[in-house]
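In this text the structure is predicted, and so the values were computed from the model without any measurement.
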Amino acid sequence: MELERSTEKECCRLAAGPATAEFGYGFNTVQDPVWTLSQVLLATGGRFICGAPEANFRAISTDTRTLEPGDLFVALSGERFDGQEFVKEAIRKGAAGVIVSSMVEEKLPVPVIMVADPLEALGDLAAYRRASMPNLQVIAITGSSGKTTVKEMCAAILKEEYNVLKTEGNLNNLIGMPLTLLRVDACHDVAVLEMGMNRPGEIARMTEIADPDIACIVNIQSAHLAGLHSIDGVARAKGELFRGGKSWGKFCVNMDDKRVRALARSCSQEQITFGRARNAFVRATHVRNMGEEGMLFTLHVGGEKVRITIHSLGEHNIGNALAAAAMAHAAGVKAEQIAQGLMNFTPYDKRLQMETIGGLRIINDCYNANPASMLAALETVRAMKKSKKSVAILGDMLELGETSDSAHRRLGETTACKAFDYLFAYGQFSRKVVEGALDARMTMKQAKQMENKEDIVEAIVKLIALGELASGDLVLVKGSRGMRMETIIEQFRNRL
């Protein structure tokens, strides 16, 4: 026992030692970073329980399914799992150390570090990693809708000039964002980080971890109301990105969103404005909707202008492109390179992606949904429709709290008002969607509540057989991530 205490003191002494030229803040500058035990203790303030004080770790892992030999396993816990129960499995798979929140029952063959909260420790490790890269530009993006598209557009632009690390998939929460930042190494010039949340304080913590140089709130809309209660609550939570920003940072401000403007008004940081407003620094003029070909417009960056086409459906994507352009300008990219990056951008997975199945033009927008993104998708299809017929297959919009019933009824009304020929609603709130559509003069033949996805597919097959739907007609499939509406498209591939 006395030996363990003295070893712990020695590790803490090593952790507090000066950084060397080779390691900067203690990190190797090669592409595959190596953590030492002393660095982990310094970053997390954890207590060294047992193991070899000279231990090194290849990388940080929170999942035994993807853990590789040499990783440091952080035993996170949630509502449905206790990461500490996976410690032995992690060691069997080759973990070189573990971070836990309580004493383990038996002495383990690898270093054990105890912390008050493993999730906080994960963030602390990412913050330490970010601090070790003083030349790295960090761009942080949040918003109610479109933030993933903006992130991808921004990364597409920056790749023209820089080596870019970006958030992959939906790794945008208090686990995913730190894990993304932990991947940064000396070859990266810029990290583009997406920040999502569903309760107060989460954006503030991610901002603390990432310490962004450039920050953008894309928009503020009615989303995650179950945890935030009102759009004012959404604004306060999203505003944590600006409130936590460093004084010499740059804020990209959406001039078309009054709540974003209000948040920025009290900030002293340099601001790059964007939007359709005439006084925006980055703006679009002479907009032309080219249907399936995308959007044509003139991009203005200050006094420079370039005529470009983006291969993204819908006018709302112009706003996304302007947000990305503003951040790229803040990062030092010239207008011509911004334009080239936007023209090279291809839509991200399950975001208004089009494919032809059985002659029908299927629009896959299944990644997520809230009232604003539903409206944008419905308007995009309406603008493309021309002489064709259109079908909306809509799943629930989740996490809207007490506004769920009214929001889904309005969704049905909007679908009818956008002149859709058929509406199939699926999910817990499907009855409300259909009620709204019927109130807006859709007929019971046109608007139907569906019990399961297979019935939706059968209904489409029947409409084709009856000649009600033909080649070139448009079918929008959209819903919140938890509804997994893309499985309907998979069934279309097998049936049409």
Side-chain angles (χ1 to χ4, degrees), residues 59-68 71 74 76 78 80-81 83 119 122-123 125-126 129-130 138-159 163-185 188 190-198 202-203 205-207 209-210 212 216 218 223-224 238 241 312 317 320 323-324 327 341 344-355 363-370 373 377 395 397-399 477-490:
I60 309 299
S61 173
T62 62
D63 190 337
T64 55
R65 294 169 297 182
T66 56
L67 183 145
E68 295 187 16
D71 286 356
V74 182
L76 301 178
R80 300 174 183 172
F81 66 94
L119 180 61
L122 178 69
L125 289 166
R129 182 72 181 154
R130 191 267 183 271
V138 174
I139 298 175
I141 303 166
T142 193
S144 299
S145 63
K147 56 185 175 290
T148 300
T149 296
V150 172
K151 177 257 299 180
E152 291 294 325
M153 285 180 167
C154 185
I157 297 168
L158 293 168
K159 283 177 182 176
N163 192 336
V164 179
L165 172 74
K166 64 182 175 70
T167 301
E168 298 295 344
N170 61 347
L171 296 176
N172 64 2
N173 61 13
L174 280 170
I175 299 173
M177 197 281 292
L179 287 174
T180 298
L181 197 49
L182 283 165
R183 291 171 41 221
V184 74
D185 60 46
H188 291 119
V190 183
V192 184
L193 304 177
E194 180 182 334
M195 296 181 176
M197 60 87 204
N198 52 29
E202 293 182 338
I203 296 292
R205 173 57 174 157
M206 283 186 270
T207 303
I209 294 166
C216 179
V218 176
H224 303 298
K238 296 295 184 185
L241 178 59
S312 300
N317 271 311
N320 292 335
M327 287 181 284
N344 290 340
F345 170 75
T346 55
Y348 197 62
D349 184 41
K350 302 181 185 71
R351 286 171 174 80
L352 289 174
Q353 287 184 312
M354 291 198 70
E355 64 175 299
I363 300 133
N364 180 348
D365 200 25
C366 300
Y367 185 81
N368 220 333
N370 60 38
S373 68
M397 302 177 289
L398 304 178
E399 297 185 37
V477 186
K478 185 170 178 63
S480 281
R481 185 84 294 273
M483 300 302 293
R484 298 194 68 240
M485 298 298 285
E486 67 273 12
T487 59
I488 294 174
I489 298 175
E490 293 170 6

Nearest heavy-atom contact between Ser145 and Val218 is O-CG1, 3.9 Å
Report yes or no: do Glu194 and Thr148 form a side-chain donor-acceptor pair below 3.5 Å? yes
Determine yes or no for a side-chain-to-main-chain donor-acceptor pair under 3.5 angstrom, with Asn317 supplying the side chain and Asn320 the backbone. no
Shortest non-hydrogen contact between Ala323 and Cys216, atoms and distance: CB-SG, 4.3 Å
Asn368 side chain to Asn370 main-chain N or O, any donor-acceptor pair under 3.5 Å? no
Flag the pair Lys166 / Glu168 as yes when at least one side-chain heavy-atom distance between them is below 4.5 Å, and no otherwise. yes
Going from OG on Ser61 to CG on Leu122, what distance comes out if it is rounded to the nearest 0.5 angstrom? 10.0 Å
Stepwise side-chain contact (heavy atoms from CB on, under 4.5 Å) test for Thr207 and Ile203: CA-CA 6 Å; Thr207 303; Ile203 296 292; 3.8 Å; yes
Taking 4.0 angstrom as the limit, do Glu490 and Arg484 come out as a salt bridge? no
Could you tell me the separation between the CE atom of Met327 and the CD1 atom of Ile141, rounded to the nearest 0.5 Å? 3.5 Å
Residues Lys151 and Thr167: side-chain donor-acceptor under 3.5 angstrom: no
Measure the spacing between OG1 of Thr62 and CG of Leu76 and express it to the nearest 0.5 Å. 5.5 Å
Apply side-chain contact (heavy atoms from CB on, under 4.5 Å) to Val190 and Lys159, showing your working. CA-CA 9 Å; Val190 183; Lys159 283 177 182 176; over 6 Å; no
Minimum side-chain heavy-atom gap Ile363-Leu352 below 4.5 Å: yes
Do Met485 and Ser480 come within less than 4.5 Å of each other through their side chains, counting heavy atoms only? no
For the atom pair CD1 (Ile175) and CG (Leu119), what is the distance rounded to the nearest 0.5 Å? 6.0 Å
Should Lys238 and Ser144 count as side-chain neighbours, where that means a heavy-atom distance under 4.5 Å? yes
Do Val192 and Leu165 come close enough that some side-chain heavy atom pair is under 4.5 Å? no
For salt bridge (Lys or Arg N to Asp or Glu O under 4.0 Å), just list the numbers for Glu486 and Arg481, CA-CA rounded to whole Å, side-chain angles, deciding distance to a tenth of an Å, and then say yes or no. CA-CA 9 Å; Glu486 67 273 12; Arg481 185 84 294 273; 2.6 Å; yes
Answer whether the closest heavy-atom distance between the side chains of Cys154 and Ile139 falls below 4.5 Å. yes
What pair of heavy atoms forms the shortest contact from Ala140 to Met195, and how long is it? CB-CE, 3.7 Å
In this structure, which one of Leu181, Asn172, Leu174 forms a side-chain contact (heavy atoms from CB on, under 4.5 Å) with Met206? Leu174
Considering only heavy atoms from C-beta outward, does the side chain of Ile209 approach that of Met177 to under 4.5 Å? yes
Return the CG to CE distance between Leu158 and Met153, rounded to the nearest 0.5 Å. 13.5 Å
Asp185 and Arg129 have their tightest heavy-atom pair at CA-NH2, 3.4 Å
Is the closest side-chain heavy-atom distance between Glu202 and Asn173 below 4.5 Å? no
Report the distance from atom OG1 of Thr149 to atom CZ of Phe345, rounding to the nearest 0.5 Å. 5.5 Å
